[in-house]
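Have a look at the structure below before the remarks.
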Amino acid sequence: MNLQQLYKVELHQHLDCSLSYEVVTAIDPTVTHEASLRDYIAPSKCTNLADFLTRAVKGFALMQTKAQLRLVVHDLFKQLAADNTLYAEIRFAPLQHLDKGLTPYEVVDAVEKATADAVKGTGIEARLILCTLRHFTEEQSLETVKLVEQFKDTYVAGFDIAGNEAGYTIDAHISAFKYAKEHNIFCTAHAGEAKGPESVWETLKHFGPSRIGHGVRSIEDEKLVAHLRTNNIHLEICPTCNVQINIYETFRDHSIDKLYRSGVSLSINTDARTITNTNLNLEYQRLEKEFGWTAADFYACNVNALKAAFIPEALKAKLLKKLHYNYKTVSNI
Ligand code: ADE
Ligand code: ZN
């Protein structure tokens with residue numbers, strides 16, 4: 001099967017962790033290929049999430065002006081086109097791009113305008129998710145969620161919490177998710193990655209997201225798996241990244257196949273294209289090789305991804321039609 005030709009829907013990728021070598025050198029021509037391999041890409045096996053996240057700082061440093069942000073957005077759309085992406089949600093933490101004097105509003109505005117241009121230029125539909133981070137204060141989290149509200153009716157569509165799940169409690173962020181709920185802002189949250197099912201339960205209870213970033217350790221709690229299924233909570237799964245941060249020894253040990261077969265709504269994502277040195281074509285190839293996934297399985301995941309997307313129902317219907325036509329034509333599902 002030619003996996004590249006299949007349309008793909010990606011809900012979970014970090015803009016600041018997805019810079020190609022091409023854009024890295026466009027912004028900083030002194031970075032050699034060797035240095036990029038050493039500093040931007042993590043080893044295929046990290047100690048844990050905290051170890052993995054140490055590689056992300058290099059990307060932030062190259063995204064501190066409007067021109068740099070613009071270059072990075074267009075670079076990511078090139079990568080999305082290579083994966084034959086139909087729809088993408090792209091996330092970043094605006095407060096990490098203030099080092100050269102941009103205001104948080106200017107950061108979001110620059111990324112939003114570049115996204116609007118890239119959507120028009122490539123025909124790939126997309127939305128943006130603004131992230132707070134686990135180590136941020138309550139004020140920083142509130143400032144981030146208020147930016148989502150300020151950018152309502154633009155390409156900004158939702159709110160997320162990323163960062164080191166194992167290193168910080170959720171307490172500082174409860175008020176930001178409360179604000180999101182009060183303002184009907186779509187929410188997702190990283191959980192069940194560096195911590196177990198108790199972290200997913202806690203996140204669902206206190207943040208109330210419709211989706212969970214990763215959530216793969218939910219498999220350790222049957223009741224949680226049933227809860228996700230019954231309440232249609234979608235898991236944004238990033239298989240290779242999960243192996244890299246050492247949740248699973250190998251790709252074959254990953255819980256994605258079991259979660260999928262137990263009827264949980266889930267999607268296939270990259271998370272961090274640079275740090276993990278991956279793309280969606282590779283993720284699909286590994287799922288085919290290790291679990292025997294077929295076009296019908298990829299189609300089912302992409303349908304669920306679109307259903308869980310942070311977009312209006314009319315746009316979902318339009319994209320679902322395009323997805324169906326593509327899979328019928330390319331794979332004869
Ligand atoms: N930021 C980038 N990748 C991440 C991950 N896998 N978990 C939490 N925060 C992240
Ligand atoms: Zn992530």
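When reading the values below, keep in mind they use all heavy atoms of this one structure, side chains included, and skip hydrogens, waters and symmetry mates. Atoms within each ligand, like the ligands themselves, are counted from 1 in listed order.
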Q | Residues in side chain to side chain contact (heavy atoms under 4.5 Å, CB included) contact with Ala166, at least two apart in sequence or another chain | A | Asn164, Ala194, Lys195
Q) When the ring planes of Phe298 and Tyr284 are compared, do they come out parallel, tilted or perpendicular, using 30° and 60° as the limits? A) parallel
Expected list for residues 306-313: side-chain donor-acceptor pairs under 3.5 angstrom, two or more places apart:
unit_1: Glu313; atom_1: OE2; unit_2: Lys316; atom_2: NZ; d: 3.3

Q. Parallel, tilted or perpendicular: which fits the ring planes of His254 and Phe251, with parallel below 30° and perpendicular above 60°?
A. tilted
Q | Side-chain ion pair, Arg211 and Asp160, N-O less than 4.0 Å | A | no
(Q) At a cut-off of 2.8 Å, what protein N/O/S atoms sit near the Zn ion (ligand 2)? (A) His12 NE2, His14 NE2, His190 NE2, Asp271 OD2
(Q) Students should find this: residues with any non-hydrogen atom under 4.0 Å from ligand 1. What is the answer? (A) His14, Cys17, Leu49, Phe52, Leu53, Ala162, Gly163, His190, Glu193, His214, Cys241, Asp271
Q. Are Lys322 and Tyr7 in a cation-pi contact, defined as NZ or CZ under 6.0 Å from the six-membered ring centre and within 45° of the axis?
A. no
**Q.** Check against side chain to side chain contact (heavy atoms under 4.5 Å, CB included), His173 and Thr137
**A.** CA-CA 8 Å; His173 313 290; Thr137 62; over 6 Å; no
Q.
Can you tell me how far apart CD (Glu112) and CZ (Arg127) are? Round to the nearest 0.5 Å.
A. 9.5 Å
Q) With a 4.0 Å cut-off, would you call Arg286 and Glu283 a salt bridge? A) yes
